[in-house]
Amino acid sequence: MFTPTAAYLTAIAVLVAAADAGANAAAYTNHTVGGSAGWFFNVTTNTSSTNYSAWAATQTFNLGDFLIFNTNTNQTVVQTYNLTIYNSCTTDEAGDDTSIYDSGSDKFSKALALSVPLTKEGPNYFFSDADDAGVQCEHGMRFEIQVNHGLGLPPSLNQPPPPAYTPPPVAEPPPVFEGSGGGQGQSISGCSGLSGGGALIGYFVVGLAFFGIQLAV
């Protein structure tokens, strides 16, 4: 029988649950992938250091959270929103919906930590393709998560993309003035050899030539 007391307690439980949900979404979270096991693969036994799908099932992921991969240069981190790429365990056909995180180092077994922000709501897929043959991914170095909206993206991750590059306009060469009529055009620089009154006369003659006026000699 549903009594008023039971109804009251039920209402309190709903409010507490809502408060807990709000508290859980009140801050962004850094998730250390695999916990203390990290993100590693044993090439001798062809096994991952833990079950990453089982680890992911214990977490709640929201926009603005980060995944922290404690690993080394023997592994990579591939983040994709493309299920086909995820199932193929390779980035050979990857497009703009796939990102690869690594150190860029060519040294093996160099320790590093990779931070991957969660910026897209919905399914996110992760795997390692360090061997270029899909072996790591096929033997456990993979997991998928569902990213909830939570508080939404923080301002630091919610920036618009930069505008496309536009090359500067090419400067046009200055125009060359030519005379009209029967006279031959001359540039003002043609009078540069004159000085004093001769220069003034030279500029006067050039001006007349520009307007098509010839002087009788």
Side-chain angles (χ1 to χ4, degrees), residues 21 24-25 27-35 37-43 46-108 110-167:
N24 290 335
Y28 300 103
T29 303
N30 291 337
H31 306 269
T32 302
V33 175
W39 181 248
F40 293 98
F41 187 77
N42 188 321
V43 296
N46 273 349
T47 56
S48 58
S49 57
T50 191
N51 186 326
Y52 295 104
S53 294
W55 168 83
T58 66
Q59 309 290 308
T60 299
F61 304 96
N62 294 307
L63 289 176
D65 288 357
F66 276 81
L67 299 189
I68 310 300
F69 291 81
N70 291 323
T71 184
N72 62 29
T73 51
N74 299 349
Q75 292 76 220
T76 62
V77 175
V78 178
Q79 179 188 34
T80 185
Y81 310 113
N82 189 320
L83 180 58
T84 301
I85 296 297
Y86 176 67
N87 287 334
S88 71
C89 282
T90 179
T91 57
D92 290 345
E93 303 297 328
D96 294 338
D97 54 3
T98 301
S99 300
I100 302 175
Y101 297 83
D102 58 26
S103 67
S105 173
D106 57 357
K107 296 181 179 180
F108 290 104
K110 182 179 179 181
L112 72 153
L114 300 172
S115 300
V116 180
L118 302 181
T119 60
K120 185 173 181 179
E121 194 171 348
N124 285 230
Y125 307 98
F126 298 87
F127 64 94
S128 174
D129 73 337
D131 52 10
D132 294 327
V135 174
Q136 292 188 1
C137 172
E138 292 170 356
H139 289 79
M141 296 291 289
R142 57 185 285 169
F143 64 95
E144 61 180 281
I145 64 175
Q146 182 71 25
V147 178
N148 304 311
H149 184 79
L151 296 177
L153 288 175
S156 59
L157 294 176
N158 196 21
Q159 301 296 324
Y165 172 75
T166 303

Short side-chain donor-acceptor distance under 3.5 Å, H149 and N62: no
Trace of the ring-ring contact (aromatic ring centres under 6.0 Å, His included) decision for F66 with H31: CA-CA 6 Å; F66 276 81; H31 306 269; over 10 Å; no
Least distance between heavy atoms, T50 atom then G34 atom: CG2-CA, 4.0 Å
Nearest heavy atoms of F127 and T91, plus distance in Å: CZ-CG2, 4.1 Å
T32 vs N70, side chain to side chain contact (heavy atoms under 4.5 Å, CB included): CA-CA, chis, key distance, verdict: CA-CA 7 Å; T32 302; N70 291 323; 3.5 Å; yes
Test log, rule side chain to side chain contact (heavy atoms under 4.5 Å, CB included), inputs V147 and L63: CA-CA 6 Å; V147 178; L63 289 176; 3.9 Å; yes
Interatomic spacing from CD1 in I100 to OG1 in T98 - rounded to 0.5 Å: 8.0 Å
Evaluation steps, side chain to side chain contact (heavy atoms under 4.5 Å, CB included), between N82 and Y125: CA-CA 8 Å; N82 189 320; Y125 307 98; over 6 Å; no
Distance (rounded to the nearest 0.5 Å) between H139 NE2 and T47 OG1: 9.0 Å
Side-chain donor or acceptor of D65 paired with backbone N/O of T29 under 3.5 Å: yes
Criterion side chain to side chain contact (heavy atoms under 4.5 Å, CB included) against R142, the qualifying member of N87, V78, D129: N87
Spacing of E121 atom CD and F61 atom CZ [to the nearest 0.5 Å]: 14.5 Å
Plane angle bin for F143 and W55 - parallel if under 30°, tilted between 30 and 60°, otherwise perpendicular: perpendicular
Backbone N/O of F40 and side chain of T71: donor-acceptor pair under 3.5 Å: no
Closest heavy-atom pair and its distance - Q79, L118: NE2-CD2, 4.2 Å
L67, V77, L112, T76 screened by side chain to side chain contact (heavy atoms under 4.5 Å, CB included) with Y101, the one that passes: V77
Taking every non-hydrogen atom, the tightest pair across F41 and Q75: N-OE1, 3.3 Å
Least distance between heavy atoms, Y52 atom then V33 atom: CD2-CG1, 3.9 Å
Backbone N/O of G150 and side chain of N148: donor-acceptor pair under 3.5 Å: no
Residue of the set T73, N74, N72 for which side chain to side chain contact (heavy atoms under 4.5 Å, CB included) holds with K110: T73
Between D92 and T90: side-chain donor-acceptor atoms closer than 3.5 Å: yes
Closest approach of G122 to N124 (non-hydrogen atoms, all atoms of both residues): O-ND2, 3.0 Å
Rounded distance (nearest 0.5 Å) linking atom CG of N30 with atom CD1 of I68: 4.5 Å
Side chain to side chain contact (heavy atoms under 4.5 Å, CB included) between F69 and V116, worked out: CA-CA 8 Å; F69 291 81; V116 180; 3.9 Å; yes
